[in-house]
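First the structure, in the form of structure tokens, and then the observations on it.
Labels below follow one simple rule: chain letters A, B, ... track the order of the sequence lines, proteins then strands, and each chain is numbered from 1. Because only heavy atoms are used, hydrogens play no part in the values below, and waters and symmetry mates are left out as well, while side chains stay in.
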Protein chains: 4
Amino acid sequence: MLDAAVRAFARRGYQNASMDDIAELAGVSKPLVYLYLNSKEELFAACVRREAASLVAAVRGAVERGAPPDRQLWSGLSGFFAHTARHPDGWALLHVQARTHGHPYAHEVAAMRAEIVAFVTQLIAAAARKGAPSPERRMAAAEVSGLAHALVGAAESLADWAGDGAEPDGPSAQEAAATLMNFAWAGLGNLLCGQGWSPAR
Amino acid sequence: MLDAAVRAFARRGYQNASMDDIAELAGVSKPLVYLYLNSKEELFAACVRREAASLVAAVRGAVERGAPPDRQLWSGLSGFFAHTARHPDGWALLHVQARTHGHPYAHEVAAMRAEIVAFVTQLIAAAARKGAPSPERRMAAAEVSGLAHALVGAAESLADWAGDGAEPDGPSAQEAAATLMNFAWAGLGNLLCGQGWSPAR
Amino acid sequence: MLDAAVRAFARRGYQNASMDDIAELAGVSKPLVYLYLNSKEELFAACVRREAASLVAAVRGAVERGAPPDRQLWSGLSGFFAHTARHPDGWALLHVQARTHGHPYAHEVAAMRAEIVAFVTQLIAAAARKGAPSPERRMAAAEVSGLAHALVGAAESLADWAGDGAEPDGPSAQEAAATLMNFAWAGLGNLLCGQGWSPAR
Amino acid sequence: MLDAAVRAFARRGYQNASMDDIAELAGVSKPLVYLYLNSKEELFAACVRREAASLVAAVRGAVERGAPPDRQLWSGLSGFFAHTARHPDGWALLHVQARTHGHPYAHEVAAMRAEIVAFVTQLIAAAARKGAPSPERRMAAAEVSGLAHALVGAAESLADWAGDGAEPDGPSAQEAAATLMNFAWAGLGNLLCGQGWSPAR
DNA sequence: TATGAATGAGCTTTCATTCAT
DNA sequence: TATGAATGAAAGCTCATTCAT
């Protein structure tokens with residue numbers, strides 16, 4: 001039943017998906033929807049929660065724990081792209097629909113995103129700790145956090161690019177992950193070696 | 001009067017912002033809004049068009065034409081972050097609200113984004129042509145395009161991070177641009193030198 | 001529920017009868033009206049169709065088929081006046097309201113009227129064929145049609161006169177029919193005998 | 001200025017003719033309309049009054065006073081048909097639009113119609129007084145009034161038939177008047193001679 | 001339990017009407 | 001005087017939500 005709701009919400013948007021539509025798509029009657037989930041808001045929240053949990057679980061399950069940070073990031077990204085490619089409606093619900101709505105949902109999604117950002121931050125920090133040649137090259141926490149945000153944003157953008165039907169020759173999940181790792185990790189290495197880009201150069 | 005509409009749409013979303021709200025926020029009466037902009041859809045379209053044009057103009061104006069690609073990218077990113085930071089509602093309208101809506105708006109925004117992606121792609125390609133040590137290291141077009149998408153997504157994510165009031169200690173526009181340049185351009189240099197990351201490593 | 005709509009439309013007119021009024025008059029809520037009849041236009045169309053069918057059925061049922069033309073006309077008129085007297089709102093809807101509205105309704109009513117005019121035309125023609133003393137007195141088709149139009153118009157006028165509450169001492173249905181038969185049929189007979197009125201006389 | 005209003009009201013109906021339309025059609029600005037005629041209702045009333053007066057004057061002017069009743073009727077009818085044919089908008093305003101509206105206008109039109117009916121009644125009564133062979137054949141007042149109503153209704157119907165563009169081969173004003181005189185006056189003569197139609201025959 | 005039937009509340013849109021110039 | 005600019009009030013329509021069965 002949530003499946004139908006996720007599909008409806010992802011494709012038509014929160015407001016345009018009427019409860020009639022959802023009930024009909026689920027093959028049940030409207031009062032039944034209200035029996036299980038008390039309101040449209042709660043229904044949407046349940047959908048968001050389920051998809052968020054599903055995505056986090058997919059990423060978590062894909063990460064190779066104990067491996068070096070770069071391998072962990074790589075495996076996590078692979079899992080992320082694989083999941084979003086396989087569940088485009090869920091991804092659209094989280095990334096496109098939930099963010100347009102006020103308090104309850106956007107925060108829920110923001111919390112999920114923050115969790116992922118924190119995980120990436122920690123990976124970068126770990127790599128930085130190991131790879132930094134000297135203490136004075138240690139990156140500031142804000143800098144690390146910024147990198148994590150940038151990386152997550154890049155991943156989202158690539159997931160959209162790969163997922164939308166508009167460009168059928170978009171990259172596969174593996175290719176997207178590889179592109180991003182090339183982009184990010186190599187840059188990170190350079191950064192740690194003091195070869196960052198600076199405007200004054 | 002468009003200002004009020006942009007604020008209302010950005011903060012409450014298209015559907016939840018009623019014409020009453022917008023009129024009241026603008027300090028005028030509802031029929032006046034209909035006199036100037038004929039319907040809610042046209043009003044939204046006008047807002048989207050104005051903000052998109054404003055953003056594109058800001059980025060265009062900031063780019064130092066004729067400079068080397070990295071400086072062009074840097075100046076464009078600085079302009080982008082400065083503009084989004086100064087017009088958070090406009091940025092939210094474009095990035096969050098307009099994408100959830102069907103035909104006219106999402107396409108308009110997608111076109112603007114595609115324009116920016118194309119510009120970035122061209123910068124990366126120019127840099128690659130100059131920086132590649134040997135012809136066989138030339139990057140494939142799809143690879144370049146993927147990098148551009150990643151970079152734009154990262155920029156959007158950083159703009160969100162910097163802009164939302166949730167984290168008042170987010171980076172300034174200059175810091176965000178610097179972070180992103182470090183992240184991207186250094187990585188790009190490595191990539192061209194054949195030092196890309198690969199899972200098999 | 002149509003009853004209430006017919007009353008409201010007949011008494012207040014199409015535009016002045018609001019859906020709130022109709023719903024309240026029917027003792028139900030407005031969305032229910034929209035559930036059964038999808039819009040104000042369709043509601044009005046349904047009313048017009050029902051009343052038109054009802055009137056035509058009443059006239060058809062009253063006509064004594066097989067009788068001589070004069071008796072057929074007499075019985076049809078009696079049925080007509082009886083029906084309009086018993087359903088003044090329906091008659092007002094057809095005769096007064098529906099004619100002021102454009103495409104769908106006015107045409108529907110015009111079609112009904114044309115049907116009746118055709119029937120009357122045919123009765124007059126039959127009478128003329130039988131009653132004409134010589135072929136050269138045969139009436140032209142246009143002449144017959146004009147007489148039918150005049151007769152129907154006279155009937156409508158008498159129905160209004162009898163029906164409106166303004167003159168409580170208006171004629172009964174039988175009296176109206178008798179008046180009209182006297183007026184029309186006798187005149188018709190004279191006409192056939194070459195005793196028509198002519199200005200040059 | 002009233003011309004424009006009459007045209008707009010007759011063609012689009014009272015409600016669908018907006019004050020903007022009327023002002024634009026008249027070539028003046030809206031507040032000017034309000035300066036001369038204080039409201040839409042008063043504007044409509046003024047139109048109705050003017051057209052009613054114009055029609056009554058046309059009929060009055062056409063009647064040959066002092067002539068025998070039949071000639072008076074004939075000349076009045078000719079004037080009536082000539083006027084309605086020459087002023088179709090005015091006739092539509094009176095006959096179609098004004099009747100659909102409540103108190104002020106419908107009554108005004110009803111009063112004009114009553115005046116004409118009274119005039120016709122008086123003509124018929126005069127003819128009856130002269131033509132009746134014996135006092136016991138005197139028609140009752142109600143009977144005469146009914147005949148007048150029938151005749152007026154027949155005239156209206158013929159005016160519609162002649163006026164609407166739907167049937168371009170409709171009769172001319174003279175033909176319509178002739179048809180009606182044949183229909184009515186001959187019948188009247190018969191009636192006075194005791195040769196009326198009766199159902200029991 | 002599961003639903004057909006019904007509604008309260010709200011939104012977009014329009015138009016007769018009036019100031020301030 | 002004549003008008004551009006502005007609005008109060010109301011109408012058609014929809015939808016999340018709930019009874020009575």
Throw together a table of side-chain donor-acceptor distances under 3.5 angstrom for residues 33-40 of chain C, partners on residues two or more places apart or in other chains.
| unit_1 | atom_1 | unit_2 | atom_2 | d |
| --- | --- | --- | --- | --- |
| C/Asn38 | ND2 | C/Glu42 | OE1 | 3.4 |
| C/Ser39 | OG | C/Glu41 | N | 3.4 |
| C/Ser39 | OG | C/Glu42 | N | 3.2 |
| C/Lys40 | NZ | C/Tyr14 | O | 2.9 |
| C/Lys40 | NZ | C/Ala17 | O | 3.0 |

I need the [atom1]-[atom2] distance between [X] and [N], as an integer number of Å.
{"X": "D/Tyr14", "N": "E/dC15", "atom1": "OH", "atom2": "P", "answer": "13 Å"}
{"X": "B/Asp20", "N": "E/dG10", "atom1": "CG", "atom2": "C1'", "answer": "9 Å"}
{"X": "D/Lys30", "N": "F/dA5", "atom1": "NZ", "atom2": "P", "answer": "12 Å"}
{"X": "B/Asn16", "N": "E/dC11", "atom1": "CG", "atom2": "P", "answer": "9 Å"}
{"X": "D/Ile22", "N": "E/dA16", "atom1": "CD1", "atom2": "C1'", "answer": "11 Å"}
{"X": "D/Leu32", "N": "E/dA16", "atom1": "CG", "atom2": "P", "answer": "17 Å"}

Sorted by chain and residue number, the salt bridge (charged side-chain N to carboxylate O under 4.0 Å, His left out) partners of A/Glu108 (sequence neighbours excluded) come out as A/Arg49
Salt bridge (charged side-chain N to carboxylate O under 4.0 Å, His left out) pairs touching residues 13-25 of chain D, sequence neighbours excluded, are D/Arg12-D/Asp21, D/Asp20-D/Lys30
Taking only the side-chain heavy atoms of [X] (C-beta and beyond), determine which of [options] contains the nearest atom.
{"X": "C/Ser29", "options": "E/dT13, F/dA6, E/dA6", "value": "E/dA6"}
{"X": "C/Ser18", "options": "E/dA6, F/dG12, F/dA10", "value": "F/dG12"}
{"X": "A/Met19", "options": "F/dT17, F/dT3, F/dA9", "value": "F/dT17"}

Can you tell if the side chain of [X] reaches within under 4.5 Å of the side chain of [Y], non-hydrogen atoms only?
{"X": "D/Phe9", "Y": "D/Val48", "result": "no"}
{"X": "C/Pro31", "Y": "C/Met19", "result": "no"}
{"X": "C/Arg11", "Y": "C/Asp89", "result": "yes"}
{"X": "A/Arg99", "Y": "B/Thr100", "result": "no"}
{"X": "B/Trp91", "Y": "B/Glu156", "result": "yes"}
{"X": "B/Leu93", "Y": "B/Phe44", "result": "yes"}

For this session: Show your reasoning for whether salt bridge (Lys or Arg N to Asp or Glu O under 4.0 Å) applies to B/Asp160 and A/Arg113.
Result: CA-CA 12 Å; B/Asp160 285 349; A/Arg113 200 174 186 272; 5.8 Å; no
Worksheet item: If we ignore angles and hydrogens, is there a donor and acceptor under 3.5 Å between the side chains of D/Ser54 and D/His87?
Response: no
On DNA chain F, more 5' by nearest nucleotide between C/Ala17 and B/Val28 is B/Val28
Between its two end axes (five pairs each) the helix from E/dA2-F/dT21 to E/dT21-F/dA2 turns, nearest 10 degrees, through 30°
The correct set of residues in residues 5-13 of chain B placing a heavy atom under 4.0 Å from DNA chain F is none
In numerical order, the residues of residues 33-49 of chain C whose heavy atoms come under 4.0 Å of DNA chain E are C/Tyr36
